[in-house]
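Here the structure is laid out as structure tokens; the discussion comes afterwards.
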Protein chains: 2
Amino acid sequence: MKATRNTTAKTAVLEIFEKSKTALSHSEIQKQLNDVCDRVTIYRILDRLVNDDIVHKISNLDGTVKYAKCNHSNQRVHIHNHAHFSCENCHEITCLENVKPSYIMPHNYKVKEINFTLSGLCPNCLNSNI
Amino acid sequence: MKATRNTTAKTAVLEIFEKSKTALSHSEIQKQLNDVCDRVTIYRILDRLVNDDIVHKISNLDGTVKYAKCNHSNQRVHIHNHAHFSCENCHEITCLENVKPSYIMPHNYKVKEINFTLSGLCPNCLNSNI
DNA sequence: AATTTTATCGCAACAATGTTGCAATTGATA
DNA sequence: TATCAATTGCAACATTGTTGCGATAAAATT
Ligand SMILES: [Zn+2]
Ligand SMILES: [Zn+2]
Ligand SMILES: [Zn+2]
Ligand SMILES: [Zn+2]
């Protein structure tokens, strides 16, 4: 595989992920970046980070796509089988690293990736009594 | 709630769902409709069908969004907790009505919807030995 | 430290997908 | 058949993601 370079834009993106407790969309990252780089560059950085297993992609029921840092890059088999929670009120998406679905598949399917997203109200919004 | 009307466009869309064994994207529906109605109308019909619990929306890891007919519209509590399989080769998405994930949530989350999508190779493509 | 290599970037142009406002149409009901 | 509101078409727009290519800059080599 090709060597990946540590550019200023990539470093800036990683810092944003580091600071964030929730998953981020392309446009949220763009806002926080304050023109550090072009829109297109962000797409390419995200692609690279996903490829390098540094970040994982989360696609939500409403069609939005977000990204979050992986907290398990050390595992031998790198698979994102944890759940994600998407709050319908504040629209924040968080990784639930400890929630992993169990299920029984019919044979003759080969499963490579899973996407398990729950939506509803997060603890914050639930307390605010919407 | 407002009354929903049976228009020719809506009927045509429903017939397409009836004939299809897999989930359909907006553009796939548009192709099959052969200019029965405008692009925008299809979006609005899909919105209505989802609202009326006749069709459910499936969002895939690659960012595509598809729709499939519900086979359980009679249930009291209408929830789509079955899995979907998305083939990375033929890009078909099918409902696996019998595959339902079990999981343990932390309390203080209120879960209203779940989206459980598996991807990999479907039986067809697995046999074709890609 | 200068040179070389090539991954990355910026820009412009494009494609796909989804949304909104409003006047015209049409399904349902009386 | 007349009425009324749900639905439609159209045009215009917004957002999201992609591609090609010459310019730039990271990092390996000299
Ligand atoms: Zn919330
Ligand atoms: Zn996650
Ligand atoms: Zn397949
Ligand atoms: Zn389904």
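Each chain gets a letter, A, B and so on, in the order its sequence line appears, and its residues count up from 1. Model, not experiment: these values are computed from the prediction.
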Counting distance only, does the side-chain N/O of B:Ser128 pair as donor-acceptor with the main-chain N or O of B:Asn124 below 3.5 Å?
-> yes
Residues 26-47 of chain B vs ring-ring contact (aromatic ring centres under 6.0 Å, His included), sequence neighbours excluded, gives B:His26-B:Tyr43
side-chain hydrogen bond (donor to acceptor under 3.5 Å, both in side chains) evaluation trace for B:Thr117 with B:Ser86 = CA-CA 7 Å; B:Thr117 307; B:Ser86 161; over 6 Å; no
Got B:Phe17 and B:Ile54 here, is their nearest side-chain heavy-atom distance under 4.5 Å?
-> no
Rounded distance (nearest 0.5 Å) linking atom CG of A:Asn115 with atom NE2 of A:His84 = 8.0 Å
Which of residues 27-44 of chain B sit near DNA chain D, with a heavy atom under 4.0 Å from it?
-> B:Val36, B:Cys37, B:Asp38, B:Val40, B:Thr41, B:Arg44
Specify the separation, in whole Å, of atom CG of B:Asp47 and atom P of D:dT7.
-> 11 Å
Nearest-0.5 Å distance that lies between atom NZ in A:Lys31 and atom CG in A:Leu24 = 11.0 Å
To the nearest Å, give me how far apart CG (A:Leu46) and P (D:dG17) are.
-> 9 Å
Which atom pairs link the protein and nucleotides 28-30 of chain C when you take only N or O atoms and keep those under 3.5 Å?
unit_1: C:dA28; atom_1: OP1; unit_2: B:Asn6; atom_2: N; d: 3.1

Comparing nearest nucleotides in DNA chain C, the 5'-proximal residue of the pair B:Thr8, B:Thr64 is B:Thr64
Any side-chain donor-acceptor pair under 3.5 Å between B:Ser102 and A:Ser102?
-> yes
Atom CG of B:Asn60 to atom C1' of C:dT17: distance rounded to whole Å?
-> 16 Å
If you measure only the distance, is there a donor-acceptor pair under 3.5 Å linking the side chains of A:Thr4 and A:Asp52?
-> yes
Figure out the CD1/P separation between A:Ile45 and C:dA7, and round it to whole Å.
-> 16 Å
